[in-house]
Amino acid sequence: MTQQYAKISEYTPAEAMVVYAARFLANFDGKKGLIGTGLPLVATQLAKMIYSPNMVIFVETGQADANPKELAISIMDSRLTYGSSWQMGDPEGLYPLSRNEIDFGFIGGAQIDKYGNVNSTFIGGDYNKPLKRLAGTAGAVDIGVFAKTTVILMAHQKRRVCEFVDYLTTPGWMVKKWPEGTLVRREELGMRGGPGCFISSMGICKFDEGDKIMYLDRYFPGITPEDIKANTGFDIDVSRATEADPILVDEIRILREEIDPLNIYKMR
Amino acid sequence: MTQQYAKISEYTPAEAMVVYAARFLANFDGKKGLIGTGLPLVATQLAKMIYSPNMVIFVETGQADANPKELAISIMDSRLTYGSSWQMGDPEGLYPLSRNEIDFGFIGGAQIDKYGNVNSTFIGGDYNKPLKRLAGTAGAVDIGVFAKTTVILMAHQKRRVCEFVDYLTTPGWMVKKWPEGTLVRREELGMRGGPGCFISSMGICKFDEGDKIMYLDRYFPGITPEDIKANTGFDIDVSRATEADPILVDEIRILREEIDPLNIYKMR
Amino acid sequence: MSKVVSLQEAIQEVKDGDTLLFGGIVEDRRPVAAAIEIVRQRKKNLVLLGTCSQSGDILVGGGCVAAYRGCYTSNGAFGISPNIKRRAESGTIIIDDIGHLDVSIGLLALQAGVPFIASKTCIGTDILNPAYDNLSKVAEVAGNKEMLPNKKYVLMEDPFFDMGTVQLIPAIKLDVCICHVQMAGEEGTVRIDGSLAFDHYGALGANKVIVTAERIVPESYIRQEPNRNCIPCTSVDMVVEVPWGAHPGQVYNYYDMDIPFLQEYANSCSSQEGFDKWADTWIFGCKGHEDYLDKLGASRLEKLRALPPYGYVPRRKGGVK
Amino acid sequence: MSKVVSLQEAIQEVKDGDTLLFGGIVEDRRPVAAAIEIVRQRKKNLVLLGTCSQSGDILVGGGCVAAYRGCYTSNGAFGISPNIKRRAESGTIIIDDIGHLDVSIGLLALQAGVPFIASKTCIGTDILNPAYDNLSKVAEVAGNKEMLPNKKYVLMEDPFFDMGTVQLIPAIKLDVCICHVQMAGEEGTVRIDGSLAFDHYGALGANKVIVTAERIVPESYIRQEPNRNCIPCTSVDMVVEVPWGAHPGQVYNYYDMDIPFLQEYANSCSSQEGFDKWADTWIFGCKGHEDYLDKLGASRLEKLRALPPYGYVPRRKGGVK
């Protein structure tokens, strides 16, 4: 790869999000990740190719150390089987989480709140008659409970990055203690892990060590902290933010030509 | 097979026990049985050959519908794998029991009491310093708990067929309710099944419909009910007993020539 | 003993109100032909377990499903499953969301013959929210009430390893499990390639198991390697040969997805009229599965055939474009 | 990344006081060569889990085992495992009996990462007798106390299906799992033929996993059929090539039992002196496994080689007589 930077007009926000996510995964080279469906599959495929070749990929439909030669279309795509060490089913794909073996989980979602709780179940209206019904938990609840850290990928929009999720699918730092539903810190329920990083279409957010509230860590080239404030549903702290290193021409080229040549994931 | 009878001197008590057991298994043609280690394997092999060809054999090391071409030496013998429908491990071999799929379990043991409880753990002395340490539960406890009926095979000796077992490994009709250890009928603990038949080296015992106490149903040719009373550790009811049909020359021939030509099970 | 029957005969054994699990997941190894036959036979009030993606969504569109308990209502890259989405948003289907490990552990309990298993699976989340607990509504519509537990979950302190509060997860019981697989012996022994999804749990514990297979082979052949088999014949009640039985989804080593068909389904079914029109063409407009295949056409199917050793159609070697 | 090491190196990772599960069962696919190396390295105070048959009994005879928790102390047709029998009858080993489903379910909990599972497994039996509960004694000798649960079991009423009193069975945790298998890739992917025993559960949950294999093959080769593999490389720490590593037991598709050797072991080991003499010949009298094989002799081993397609030596075609 050459170090030539791409112009902002040469890629889409979705592509930026995926490229920065792939870069972030360099932190997990040699580590074990459980990868959720959607854009996380794309970013992982890109990362494995250029930034973290020794990342060990688990998928919730039961592949261990998956090495897909080409991008999977979904979470049970045949492409995930060929070249893997072991192919069982969904339960065996998830047990590495409950056995506390998974270093990082990587998920998408429809809504994230300032505590890093993620919603992929429904938005608006009532549970029994939602405005917008979503995919449901899939492995997102399990990743959020058991992975040592969780990376979240989602478009940055005001209604998506909010004060508190409409439905708490994936537990973040402040969760609900039942039967009352009292908000408590996750440690209080004996849960380890927690969200480490939220990579959006505008920047990278992390969570304060103390109060566990989301803050802006990096904003992407062409985006200002003010843009992000305007597109966030709560008063996000942007005081610690710096600009992210620009995207490389080669990153976009590989993403378009090698990873998703058919634009299956509609990133462009 | 011809209907020619064998003389009593032409077979051993162990062979008689196995032949009568094989005949009894004719009741389970087309049914699902979980077969324990030792002589039950031998009787099952004989039964499958002549009396119940459609018996479906499960083994606790994970074979479904096993069709061994020759007698297995133990419960995980390679001979059980070849020709079976499915080969997994011990857990999968036992789950058909806990799923309540098994029509009959077939076990040996070292001691049986008048309620059909079986001991295969230790005899005499103390649990922590027994006179005689045995094999432990293997699947015998699981068969006794979950099979719809249990068939037990054991040499008939006074110390083996007793008032109450030294250690209750396989639950019969009167079992222990914990934490106190009170003797209760098995139904009281929500357990189905129970011992159906005890085939010994001298005769066949069943359990009274009412009080669930063992009584003599058949005595083998050459054995009298009095012999059996003398070799039983409690006052067994022999009033309902009749003599069993004699053993056939062909049964012994097949057992010796086809089933265990090398006398691995030391039946002769 | 041969268990081979026709698809029509097999599906006649599915009763109104049954709790039902389909094998496979998303658009992989889904028993789509079986789902289409269920709609064709106009079954009612089914309780769908596990996930609602390709095959399940057809049932929902066809009006066969009264309730759904599971963890995933999406057709993957092709969007939220359109029929259940529409029914959910109009409040005309009962949904009881549980987690993916919940489904796994519930079916594990079924397979192992145990009543419940403890885990921290959904601690802290709205899965445990009593306000969203629709289990009793699901039980109301189920034909066989014994299939559903008395409670959705119970919280207790772990007495063994000081793990704090854990959730007791009850077994997921099934009247019927329908799996589509690569190969079955005529007595019912099943061999699966690729992800087993939940098939190897569900089929072992369901009261009735229907297997549709790309190929039915002599039982003696499939028994040459018992270690390679995934469901024992002793757990299977009926076997049906249904080539391309998961179309438009994929079947590892046999064929890849029919992407235009999946996209057309996603686009058509955002309205009930759209689904009904789709159904007129692909369900009621076909006498049976052979008709469906002829309508698709042999040349279209040939392009989907998987390439060894990959088990799918590599993008750079023709096929889906 | 290659995980291939020597047998000596691998066994050095077993620590005194470890809780240990051997793969295989009775005399089939037991890691006997590994057990012999453990005795040779004079490990102490091990806690043996699961069963104590061929490989476990050698450890007991060699003085390596302080406690045993499991369901089977027999060498099958060759009689009660002689060393543990003698130690039990002299009160010099701690035994905590549990059931076969208890072991299965305890290891299932380990594999699934859950703390406990409910079942009626041992209801009514002396397995639940508090007077025979030796769990705390086992925990006393274990090096890593966290491997053992606080209690042997808990009784409670089933809240979900009205099954009455059920027994909560805690996970069986393992410091080490040692499996002997037919084939492993150099990165640790394992393929097993014949019964998986508990290997596929134990190896997935143990803190340290050592695999001895008849053959180590290129990882790329064993990955050509992921559905045929039984333990993923991600769960394996060390791989050792040990041909005939389960002798005198059998390995499906590789070799059958060495019956005279098994009978000789059974006869020799009724006394400690007898075991010590046996150990002088077969453990301390050999520098390592290759020496052991040479002492057995190639022609003896050749007679044990399994015949395709059966996977064993049929009695009527030569071999064991």
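Order of the sequence lines sets the chain letters (A, B, ...), proteins ahead of strands, with each chain counted from 1.
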Tell me, for [X] versus chain B, whether the close heavy atoms (under 4.5 Å) come from the side chain, the backbone, both or neither.
{"X": "Ser119(D)", "result": "side chain"}
{"X": "Asn134(D)", "result": "side chain"}
{"X": "Ile95(D)", "result": "both"}
{"X": "Leu101(D)", "result": "both"}
{"X": "Ser90(D)", "result": "backbone"}
{"X": "Ile127(D)", "result": "both"}
{"X": "Tyr153(D)", "result": "side chain"}
{"X": "Ile94(D)", "result": "neither"}

(request) Could you tell me whether the side chain of Arg315(D) reaches within less than 4.5 Å of the side chain of Ile264(B), counting heavy atoms only? (result)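 The answer is yes, as the side chains (C-beta and beyond) meet within the 4.5 Å cut-off.
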(request) Report yes if the side chains of Glu92(B) and His200(D) come closer than 4.5 Å at any heavy-atom pair, otherwise no. (result) yes
(request) List the steps, then state whether side chain to side chain contact (heavy atoms under 4.5 Å, CB included) holds for Tyr201(D) with Asp90(B). (result) CA-CA 10 Å; Tyr201(D) 284 16; Asp90(B) 288 44; over 6 Å; no
(request) For chain D, find its close neighbours in residues 133-146 of chain B: heavy-atom separation under 4.5 Å, sorted by number, or none. (result) Arg133(B), Leu134(B), Ala135(B), Gly136(B), Thr137(B), Ala138(B), Gly139(B), Val141(B), Asp142(B), Val145(B), Phe146(B)
(message) Using the rule side chain to side chain contact (heavy atoms under 4.5 Å, CB included), only one of Asp97(D), Thr125(D), Asn129(D) pairs with Tyr167(B); which is it?
(response)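 Testing Tyr167(B) for a side chain to side chain contact (heavy atoms under 4.5 Å, CB included) against Asp97(D), Thr125(D), Asn129(D) leaves exactly one candidate, Asp97(D).
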Looking only at atom types and distance, does a side-chain atom of [X] sit under 3.5 Å from a main-chain N or O of [Y], one as donor and one as acceptor?
{"X": "Ser195(D)", "Y": "Thr61(B)", "answer": "yes"}
{"X": "Lys176(B)", "Y": "Ile123(D)", "answer": "no"}
{"X": "Gln250(D)", "Y": "Ser78(B)", "answer": "yes"}

(request) Applying side-chain hydrogen bond (donor to acceptor under 3.5 Å, both in side chains), run through Glu27(D) and Ser74(B) and close with a yes or a no. (result) CA-CA 8 Å; Glu27(D) 66 289 272; Ser74(B) 80; 2.7 Å; yes
(message) Let's go through Asn128(B) and Tyr132(D) carefully: what are the C-alpha distance in whole Å and the side-chain angles of both, what is the deciding distance for side-chain hydrogen bond (donor to acceptor under 3.5 Å, both in side chains) to 0.1 Å, and is it a yes or a no?
(response) CA-CA 8 Å; Asn128(B) 289 311; Tyr132(D) 301 154; over 6 Å; no
(message) Check this for me, if you would: do Arg79(B) and Asp256(D) make a salt bridge, where the nitrogen-to-carboxylate-oxygen distance has to be below 4.0 angstrom?
(response)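 The answer is yes: the pair qualifies as a salt bridge.
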(message) Please check if the number of heavy atoms outside Lys148(B) that lie under 6.0 Å from its NZ is greater than 12.
(response)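 More than 12 within 6.0 Å, yes.
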(request) Check whether more than 12 heavy atoms from other residues, nucleotides or ligands sit under 6.0 Å from atom CZ of Arg192(B), and answer yes or no. (result)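 Not buried by this count: 12 neighbours or fewer within 6.0 Å.
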